[in-house]
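Take a look at the structure set out below.
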Amino acid sequence: MKLTKVLVTVSALVMSTLLLAGCGSSKNSANDNSDTILVWSSSTGPDGQKIKKTIANYNQTKPKYKLKLVTMSGDTFNSKIATGGKSGKGLPDIAMIASEQMKQYVSQGLVQPWDQYLKGTEVKASNYVPAAWKVGTVKGKQYGVPTDIGTWIMYYNKALVDKYAPHALDDNIITYDEIKEAGAKAKADKIYATANDWGMQNYSNIYMQLGGKFVSNGKVNVDNKYSYDALKLMKSLYDDGYMVPKAQDAMKLFSNGKLMFLPEGTWMIGQLNDIKSFKWGATFTPQVDAKHIVNGSGAGQFALMKTKPVQSDAKKKGMVKFFAWLQTNQLEWLKSGVNSPSLKMQDNAEYKKMPQYFLISTKQGQDALRIVTEDGVSYAYSEVDARNWDMITGKANIEKTFKTIQQTVDQKMGQ
């Protein structure tokens, strides 16, 4: 799953609207008397279609409890969960949520633990990537079962790299200093060096690479030097003319050979596979220090919603059967670019050929993995998302803006 922007594409918005027209009805909310397990997701782009196809494949096995996937934009998803959570009505059986939302959902009393329904099944910690499984573990209980692992990486145009940064990828790592060097050479040819398609992701990765911690003394803290320096670095790329301006489409520029490096999510691989005019590659997200690789990831979770009426035990066991099946049948889903949290998928020959596989199969990739799970960080992410371009372009003072962001986070956390 793509976390908060989490996978919002306009192409599916019309479909989402139609699906949601009756979202308060039994058709699109959990119904204990039904043999249908309702799943909500904010994956509305090509990745969402891969998930739908995976679920369709499962339903073809003729399980007693079939799954129905309803997709919607991230904002709509969050709004409907918040509204339904007050009464337990109008909610799905399962919500596919981002890793940074897990503790928040638990603290708000929106979800139920899976533990008693997982006992004696293959849905257990030893069958999953440890970091992905731990995301769903809160206060000693298992509130989440991993869906997939999405990572913020970087794509590159091989021909442009050969021309402007011929040795930068010798170690398979691109630093921001190398981006600036390449950008200075490419600027005269009207080639951008990098982009900022999702500001929160770029900020978060730089923040962690600089050594920043999102929580200190039990409190979310982003009003600090790490945040200031992260945005100053992003601003310097923009000021020097190396970064694609907000008004321009970075993906289109990359596809047309006008962008050298494209920081984006693994979930975009399906779209990039359509590029035939040049060869592209994938590597870690840009690094501040090549000797200290930090690569932000998200491990989405299947969350069991606290609905009214409460789902029957038989229905919950039906959900677990799907999770067990998914452990070895996720290939179609993975074609969207995410990695599988299931260790049972590791030996799949086709999966091993996918561009994102290096992130999960190599020690370097696993050691670099960072999954943010702290309660309340999602509030900071949304604020940075809304304000990062103002800071980058100089419309807003960086330090003052982070003080405002911190105040907003504190208010939402009740601190």
### Query
Should Glu383 and Arg387 count as an ion pair when the cut-off is N to O under 4.0 Å?
yes
### Message
Is it the case that the side chains of Thr393 and Tyr238 hold a donor-acceptor pair, with the cut-off being a distance below 3.5 Å and no angle test?
### Response
no
### Message
Name the residue from Gln406, Glu374, Met413 that meets the side-chain contact (heavy atoms from CB on, under 4.5 Å) definition with Lys219.
### Response
Gln406
### Query
Looking at side-chain heavy atoms only, is the closest gap between Ile94 and Met305 below 4.5 Å?
no
### Query
Less than 4.5 Å apart, any side-chain heavy atom of Lys258 and any of Lys252?
no
#### Entry: Flag if over 12 foreign heavy atoms under 6.0 Å of NZ, Lys352
yes
#### Entry: With Asp367, the side chain to side chain donor-acceptor pair (under 3.5 Å) member among Arg370, Gln364, Lys363
Lys363
### Task
Say whether Glu264 and Trp198, considering side chains only, have a donor N or O and an acceptor N or O under 3.5 Å apart.
no
### Message
Could you go through Trp114 and Phe323, starting from their C-alpha distance and side-chain angles, then the distance that decides it, and tell me whether this counts as ring-ring contact (aromatic ring centres under 6.0 Å, His included)?
### Response
CA-CA 12 Å; Trp114 288 107; Phe323 303 153; 5.1 Å; yes
### Task
Would you give the length of the straight line joining atom OH of Tyr357 to atom CG of Asn339, rounded to the nearest 0.5 angstrom?
9.0 Å
### Query
Looking only at heavy atoms, which two atoms of Gly241 and Tyr192 are closest? And how far apart?
O-CD2, 3.8 Å
### Query
Between atom CG of Leu231 and atom OG1 of Thr401, what is the distance when rounded to the nearest 0.5 Å?
8.0 Å
### Task
Evaluate the ring-ring contact (aromatic ring centres under 6.0 Å, His included) criterion for residues Phe358 and Phe284: first the C-alpha distance (whole Å), next the side-chain angles of each, then the deciding distance (0.1 Å), finally the verdict.
CA-CA 10 Å; Phe358 81 94; Phe284 298 100; 5.3 Å; yes
### Query
With a 4.0 Å cut-off, would you call Lys141 and Asp115 a salt bridge?
no
### Task
Output, in order, the C-alpha distance, side-chain angles, deciding distance and verdict of side-chain contact (heavy atoms from CB on, under 4.5 Å) for Val70 and Leu38.
CA-CA 8 Å; Val70 174; Leu38 181 65; 3.7 Å; yes
### Query
Any side-chain heavy atom of Pro286 sitting closer than 4.5 Å to one from Met154?
yes
### Message
Could you go through Tyr143 and Phe302, starting from their C-alpha distance and side-chain angles, then the distance that decides it, and tell me whether this counts as ring-ring contact (aromatic ring centres under 6.0 Å, His included)?
### Response
CA-CA 8 Å; Tyr143 283 93; Phe302 289 114; over 10 Å; no
### Message
Could you check whether Tyr203 and Asp385, counting side-chain N and O atoms only, form a donor-acceptor pair closer than 3.5 Å?
### Response
no
### Query
Without hydrogens or angle criteria, can the side chains of Asp148 and Trp333 be said to hold a donor-acceptor pair below 3.5 Å?
yes
### Task
Search all heavy atoms of Asn295 against all heavy atoms of Trp152 and return the closest pair with its distance.
ND2-O, 2.6 Å
### Query
So do Lys52 and Thr71 actually touch side chain to side chain, heavy atoms under 4.5 Å?
yes
### Query
Tyr155 and Phe261: aromatic ring centres closer than 6.0 Å?
no
### Task
Give the C-alpha distance, both sets of side-chain angles, the deciding distance and a yes or no for side-chain contact (heavy atoms from CB on, under 4.5 Å) between Met345 and Gln327.
CA-CA 7 Å; Met345 283 296 304; Gln327 289 178 348; over 6 Å; no
### Query
So do the side chains of Val135 and Pro146 get within less than 4.5 Å of each other, counting heavy atoms only?
no
### Message
I'd like to know whether NZ of Lys317 has more than 12 heavy-atom contacts from other residues, nucleotides or ligands below 6.0 angstrom.
### Response
no
### Query
Between the main-chain N or O of Thr175 and the side-chain N or O of Glu178, is there a donor-acceptor pair closer than 3.5 Å?
yes
### Query
Going by heavy atoms in the side chains, are Val138 and Met102 under 4.5 Å from each other?
yes
#### Entry: Gap separating the CG atom of Leu91 from the OG1 atom of Thr83, nearest 0.5 angstrom
9.5 Å
### Query
Got a second to check how far Asn196's CG is from Met243's CE, nearest 0.5 Å?
4.5 Å
### Message
For the OH atom on Tyr156, are there more than 12 heavy atoms of other groups (residues, nucleotides or ligands in this structure) within a distance under 6.0 Å?
### Response
yes
### Message
If we ignore hydrogens and angles and just use 3.5 Å, is the side chain of Ser336 paired with the main-chain N or O of Trp267 as donor and acceptor?
### Response
no
### Message
When you compare the side chain of Gln112 with that of Val310, does any pair of heavy atoms fall below 4.5 Å?
### Response
yes
### Message
Which heavy atom of Lys225 sits nearest to which heavy atom of Asp229, and what is that distance?
### Response
NZ-OD2, 2.5 Å
### Ser342 and Ser340: CA distance, side-chain angles, deciding distance, side-chain hydrogen bond (donor to acceptor under 3.5 Å, both in side chains) verdict
CA-CA 5 Å; Ser342 169; Ser340 176; 4.5 Å; no
### Message
Just to verify, what does Tyr117 make a side chain to side chain donor-acceptor pair (under 3.5 Å) with, not counting sequence neighbours?
### Response
Asp313, Lys316
### Query
Is the side chain of Glu100 donor-acceptor paired with the backbone N or O of Tyr379 at a distance under 3.5 Å, no angle test?
no
### Query
Any idea which heavy atoms bring Ala131 and Leu369 closest together, and the distance?
CB-CD2, 3.8 Å
### Message
Quick test of your reading of the model: are Asp35 and Lys66 salt-bridged, counting only N-O distances below 4.0 Å?
### Response
no
### Task
Please step through side-chain contact (heavy atoms from CB on, under 4.5 Å) for the pair Trp325 and Thr54, ending with a clear verdict.
CA-CA 11 Å; Trp325 175 88; Thr54 300; 4.0 Å; yes
### Query
Hey, would you say the Tyr207 and Phe214 ring centroids sit under 6.0 Å apart?
yes
#### Entry: Verdict with reasoning, Ser378 to Gln101, per side-chain hydrogen bond (donor to acceptor under 3.5 Å, both in side chains)
CA-CA 7 Å; Ser378 60; Gln101 293 176 314; 5.9 Å; no
### Task
Find out whether Leu331 and Glu350 are in side-chain contact, i.e. whether some heavy atom of one side chain is under 4.5 Å from a heavy atom of the other.
yes
#### Entry: Point-to-point distance, once rounded to the nearest 0.5 Å, from CD of Gln301 to OG of Ser99
7.5 Å
### Message
For the NZ atom on Lys180, are there more than 12 heavy atoms of other groups (residues, nucleotides or ligands in this structure) within a distance under 6.0 Å?
### Response
yes
### Message
Ignoring hydrogens, what is the shortest heavy-atom contact between Gln287 and Ile293? Give both atom names and the distance.
### Response
OE1-CA, 3.2 Å
### Query
Can Val111 and Lys306 be said to form a side-chain contact (heavy atoms from CB on, under 4.5 Å), step by step?
CA-CA 5 Å; Val111 292; Lys306 191 176 291 185; 6.0 Å; no
### Message
When you compare the side chains of Thr283 and Asn172, does any donor N or O come within less than 3.5 Å of an acceptor on the partner?
### Response
yes
